[in-house]
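Report on the following structure.
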Protein chains: 2
Amino acid sequence: MATGRTHRPATRSRGIPEATVARLPLYLRALTALSERSVPTVSSEELAAAAGVNSAKLRKDFSYLGSYGTRGVGYDVEYLVYQISRELGLTQDWPVVIVGIGNLGAALANYGGFASRGFRVAALIDADPAMAGKPVAGIPVQHTDDLERIIQDNGVSIGVIATPAGAAQPVCDRLVAAGVTSILNFAPTVLSVPDGVDVRKVDLSIELQILAFHEQRKAGEESGADAAVPAATARKASAEQGPDGDVPAVMPA
Amino acid sequence: MATGRTHRPATRSRGIPEATVARLPLYLRALTALSERSVPTVSSEELAAAAGVNSAKLRKDFSYLGSYGTRGVGYDVEYLVYQISRELGLTQDWPVVIVGIGNLGAALANYGGFASRGFRVAALIDADPAMAGKPVAGIPVQHTDDLERIIQDNGVSIGVIATPAGAAQPVCDRLVAAGVTSILNFAPTVLSVPDGVDVRKVDLSIELQILAFHEQRKAGEESGADAAVPAATARKASAEQGPDGDVPAVMPA
DNA sequence: CCATGTGAACTACTTCACAGCC
DNA sequence: GGCTGTGAAGTAGTTCACATGG
């Protein structure tokens with residue numbers, strides 16, 4: 001097995017901070033839009049505005065990748081697109097399987113943005129025999145029985161779980177046993193996985209609950225309260241949406 | 001005990017850290033499961049394991065809410081469920097509208113976990129006249145023209161945007177103008193909103209890209225990734241899934 | 001005794017502010 | 001002159017470790 005996993009990222013030449021990695025896709029999207037409009041260069045200020053972050057943060061983020069800008073000028077759009085894509089590993093092909101083809105699974109399968117960036121839906125898998133063979137988004141659904149074979153035949157290392165909560169952990173175990181090392185979980189459950197496997201979760205109800213918390217607070221504020229704190233909530237710059245330091249959220253069929 | 005009724009959501013006390021708020025729904029879910037199994041009390045250790053966090057963090061999180069545990073014993077499940085629900089504002093009813101009833105919007109509308117916790121789908125809205133009147137998840141779809149009226153009639157303060165990217169900002173503007181102050185955005189766009197409005201985003205392609213980054217790194221590790229770069233990865237303990245400090249992700253129809 | 005609750009130490013991330021270079 | 005790149009300062013979040021109190 002992977003042995004060298006013990007040492008945490010050294011203090012010095014450490015890799016790219018996780019918070020920065022999480023923003024790279026955001027920058028990439030903004031850059032792609034600029035690229036399509038044939039904009040040759042951008043300043044950190046402009047790009048930051050487009051990505052909804054502040055420019056100091058953006059420059060710091062880019063500084064972890066290297067010095068890809070030109071002082072007094074800005075960043076070359078095409079070059080940055082390439083560098084970020086490479087850093088994110090999007091210059092290679094990532095076959096992905098989606099397990100659980102209910103409402104959500106189907107929605108994911110139909111998502112266009114998938115193919116656009118290195119990701120390819122290699123297979124759709126569902127436990128319902130009635131679904132087998134039925135095409136969703138042009139791809140025939142296969143039965144769970146063949147999960148292991150499908151993973152191996154296609155060299156899949158990223159799996160998306162869109163099953164009901166109860167099925168998620170067993171499916172996860174099988175995916176991992178078959179060789180999947182990255183999982184995107186839409187089921188409202190905490191998955192346990194061995195070391196070396198990454199899990200990210202997307203959970204709608206969690207997101208809504210976080211919003212409700214702030215919403216409630218806004219309501220209470222209007223009444224009494226005042227002085228002390230700037231009543232205007234202003235929890236955060238309008239620009240900086242949700243993505244700072246939280247949990248994601250959605251659910252399965 | 002101690003200071004009598006402490007001031008929790010008081011107007012003064014800086015409030016609960018955002019990172020803690022983001023974990024409360026996780027604790028709540030774990031507690032609800034325990035409650036259903038009629039478990040009377042839990043220790044921080046047990047509950048932390050169920051929620052996928054470490055126990056010190058959980059205790060610290062709870063300490064922001066107040067002293068709801070009993071030393072030497074643990075936490076009363078029912079009492080904690082109530083306290084967290086109240087803190088999150090789930091003891092009240094939150095009417096929600098979903099705008100954009102494509103594949104994803106329909107999936108969201110069908111999500112059961114919605115109703116379970118204070119959230120109620122008050123209306124489904126779509127720009128396609130052909131959709132108008134058609135029931136999705138038992139709720140008739142209404143046309144975008146009536147958006148403002150729907151928001152006001154139902155006293156909606158939370159809106160979910162599941163439209164294509166291009167439609168998201170205009171829809172967002174209308175929602176905000178009509179009185180919505182919290183938005184959950186599934187469209188792959190940065191929304192700009194006035195101060196006082198919260199936006200959270202869920203973006204599938206971003207999540208996949210983050211996974212690809214780590215996946216790529218794992219791959220490089222095995223092969224002869226020479227000394228030069230810190231091959232380490234070891235991004236995080238297996239337990240702590242995705243939720244620490246990142247961006248969420250999904251997409252629209 | 002045992003598990004909570006919490007100061008204190010530590011780590012991660014953000015923001016500032018300005019030197020460096022085009 | 002203008003904008004990048006980055007040390008340094010500031011802030012938020014996590015973990016430790018132990019006093020506290022049922």
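Throughout, a chain's letter reflects where its sequence line sits, starting with A, and its residues are numbered from 1. Worth knowing before you read on, the calculation uses all heavy atoms, side chains too, and leaves out hydrogens, waters and symmetry mates.
- Ranking dG7(D), dT15(D), dG13(D) by closeness to the Lys60(B) side chain, first place goes to dT15(D).
- Using modelled atom types, one side-chain atom of Gln216(A) and one backbone atom of Glu87(B) make a donor-acceptor pair closer than 3.5 Å.
- As a whole-Å value, the separation of Tyr79(B) OH from dT4(C) P is 16 Å.
- Note on Asn54(A): a side-chain N or O is less than 4.0 Å away from OP1 or OP2 of dT15(C).
- A donor-acceptor contact shorter than 3.5 Å links the side chain of Thr32(A) to the backbone of Leu28(A).
- Contact check, Thr70(B) against dT4(C): no side-chain N or O comes under 4.0 Å of OP1 or OP2.
- DNA chain C is contacted by both Ser44(B) and Thr20(A); Ser44(B) maps to the nucleotide lying nearer its 5′ end (nearest heavy atom per residue).
- Taking atom CD on Glu46(B) and atom P on dT4(C), their separation rounds to 9 Å, with Å as the unit.
- Atom-to-atom, CD1 of Ile16(B) to C1' of dT14(D) comes out at 17 Å; the value is rounded to the nearest Å.
- Side-chain N/O atoms of Arg23(B) include one lying less than 4.0 angstrom from OP1 or OP2 on dT14(D).
- dG20(C) atom C1' lies 13 Å from atom CZ of Arg59(A), rounded to whole Å.
- Side chain of Gln169(A) to main chain of Ser192(A): a donor-acceptor pair is present (N/O by atom type, distance under 3.5 Å, no hydrogens or angles).
- Taking atom CD of Glu45(A) as the reference point, atom C1' of dT4(D) lies 12 Å away to the nearest angstrom.
- Remark: P of dT15(D) and CG of Asp61(B) are 10 Å apart, rounded to the nearest angstrom.
- A side chain to side chain contact (heavy atoms under 4.5 Å, CB included) with Ser182(A) is found for exactly one of Leu211(B), Leu208(B), Ile210(B), namely Leu211(B).
- Scanning atom types as modelled, one donor and one acceptor separated by under 3.5 angstrom connect the side chain of Arg71(B) and the base of dT20(D).
- Leu58(B) has its CG atom 12 Å from the C1' atom of dA3(C), to the nearest Å.
- Side-chain N/O atoms of Tyr75(A) include none lying less than 4.0 angstrom from OP1 or OP2 on dC22(C).
- Here the P atom of nucleotide dA12(D) and the CD atom of Glu18(A) are 21 Å apart, to the nearest Å.
- In this structure, Tyr79(B) has its ring center closer than 6.0 angstrom to the ring center of Tyr68(B).
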